[in-house]
Amino acid sequence: MTVDISDIEAILAKQEDWRQRQCINLIASENTPSPAVRRVQHSDFMGRYAEGHPNEGERINRYYQGTRYIDEIERMARDEICELFGAKQADVRPISGNAANTAIALGFLRGGDTIVVNSTDAGGHISHGAVGVFGRRIQTRGQSLKVGGPQSINLHYLPLTEDRYHVDAQKTIELIDRVNPQIVVMGKSLFLFPEPVAEVAAFCKTRDIPVLYDGAHVLGLIAGGQFQSPLQEGATWMTGSTHKTFPGPQRGVILANMDEETAKKYWPPADRGVFPGSSSNHHLFSLPALLVATREMKRYGREYAAQIVRNAQALGQALDELGTPVEAREFGYTRSHMIAVNVANWGGGVEVARRLEANDIIVNYNMLPGDADPRNPSGLRIGVQEMTRFGMDERAMGELAQLIHDAIRGKQVREAVHQLRARYLEMRYV
Ligand SMILES: *Cc1c(COP(=O)(O)O)cnc(C)c1O
């Protein structure tokens, strides 16, 4: 070896030990992929290029030679993910969820267009908003990114019901009717309950307005049939990250279930939005890993996703019963993998998230509906998908709730956290 990398390897070993064996990780956008998913990423594909689509028989779709094996993998990844989601079209090349959304924006939006998205304080992803890919895409020169003022971009927020955790379908239809957007974007990052896709998409269909469902967070729950089925409910496309509740490598995907006529209009611009739009080299080393994760989800996804939702609800109930307020109690806290906890009384989200990290419980602070200052959010977002994979069940959620409850109030629970984690080290559902 000509360069010394022992210090780098030492850091990796520390990360592995800390995050895989000591921490209780509750970041809602993360997961640990299976040993097989990790293993297949160390391959020759790491150094290769394969732009375009797989060659099909005599038909040349690639811009590079030497792609015969990645062609096989890419065809399988495309076909098998279509099967898993009941989709007719899939693009497996986006290198992340944001790259998948960027492809749609590049394909279908121009400066001066109008869109409807979730606002960030209602849980929307920052990339949907004014400064993200959608807002930037519809901005014209001289236009302000501020929403609602004079000269502002034509960005509108999905209206919410009074509890602020559900999109108001009727008001959304009225808004769409009034502003006539080019695209409606549903789905978000603080994502507790399904979106009213069926109602909104049915109306959009009468106006030929496409609906993008951003399933970044909930893709694994959808694969397991436990949240909602956006494509079957009428969404034009579903994008997603393949590393959140879907426990694969860090990549993205675009899925659709269009008949031939619709596909002629709504697929080719998305395809060009991916390449040459938002990706060229699509990180070939991780595509076999996506295929592995797709097979794992086909076999175990239903069972895994159902346990995730049961665990999230159990954790919400246990925390709430202990006296740590959990949002959306009147709706059973959640129907997804995450809950939102209000910690305004104990110093706010930023302070409490740091207190939890000091005890090796890893969460992120989050704005709750009605919060005005993103730097002083009152909430925590807590996701159970990763600990569920390591075998935690409703009973373990009860123990975990006590530790979180105590740590929020400044009690030292680090040793107890390590003891609980040590009982759940073996990966399930693989
Ligand atoms: C996480 C997230 C994204 C971004 O996905 P990446 O895979 O990190 O690029 C996009 N949309 C939503 C709603 C998300 O939560």
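Every number for a ligand or one of its atoms is a count from 1 in the order of the listing. What's counted below: heavy atoms across the whole structure, side chains too, no hydrogens, waters or symmetry copies. Quick caveat: nothing in here was measured; it's all calculated off a predicted structure.
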Query raised in the report: Do S378 and D371 have a side chain donor and acceptor closer than 3.5 Å?
Result: yes
Report summary line: Checking heavy atoms under 4.0 Å, the part of A216 that sits near ligand 1 is side chain
Requested in this report: Just need the protein heavy atom nearest to atom 10 (C) of ligand 1, so name the residue and atom and give the distance.
Outcome: D214 OD2, 3.5 Å
Requested in this report: With heavy atoms of K188 as the reference, note each atom of ligand 1 found under 4.0 Å away.
Outcome: 13 (C)
Requested in this report: Kindly determine whether K205 and E199 satisfy salt bridge (Lys or Arg N to Asp or Glu O under 4.0 Å), including the steps that lead there.
Outcome: CA-CA 10 Å; K205 202 161 182 190; E199 295 99 307; over 6 Å; no
Report summary line: Nearest non-hydrogen protein atom to atom 8 (O) of ligand 1, with distance, is H243 NE2, 4.2 Å
Report task. Before signing off on this row, confirm whether N98 and ligand 1 have an N or O atom pair separated by under 3.5 Å. Result -> yes
Requested in this report: Classify the angle between the aromatic ring planes of Y266 and W237 as parallel (below 30°), tilted (30 to 60°) or perpendicular (above 60°).
Outcome: perpendicular
Query raised in the report: So, F331 versus H166, ring centres under 6.0 angstrom or not?
Result: yes
**Report entry** Nearest non-hydrogen protein atom, atom 15 (O) of ligand 1
**Finding:** S189 OG, 2.8 Å
Query - Side chain, backbone, both or neither: the part of K244 lying under 4.0 Å from ligand 1 by heavy atom - result: side chain
Report task. If the plane angle is over 60° it's perpendicular, under 30° parallel, otherwise tilted; pick one for Y213 and F191. Result -> tilted
Report task. Would you check whether S241 has a nitrogen or oxygen atom less than 3.5 angstrom from a nitrogen or oxygen atom of ligand 1? Result -> yes
Report task. For side-chain hydrogen bond (donor to acceptor under 3.5 Å, both in side chains), just list the numbers for Y429 and E303, CA-CA rounded to whole Å, side-chain angles, deciding distance to a tenth of an Å, and then say yes or no. Result -> CA-CA 8 Å; Y429 313 107; E303 201 189 329; 5.2 Å; no
Report task. Provide the number and element of each atom of ligand 1 under 4.0 Å from a heavy atom of G97. Result -> 5 (O), 6 (P), 7 (O), 9 (O)
Report task. Please check if any side-chain donor atom of T140 sits under 3.5 Å from a side-chain acceptor atom of Q143, or the reverse. Result -> yes
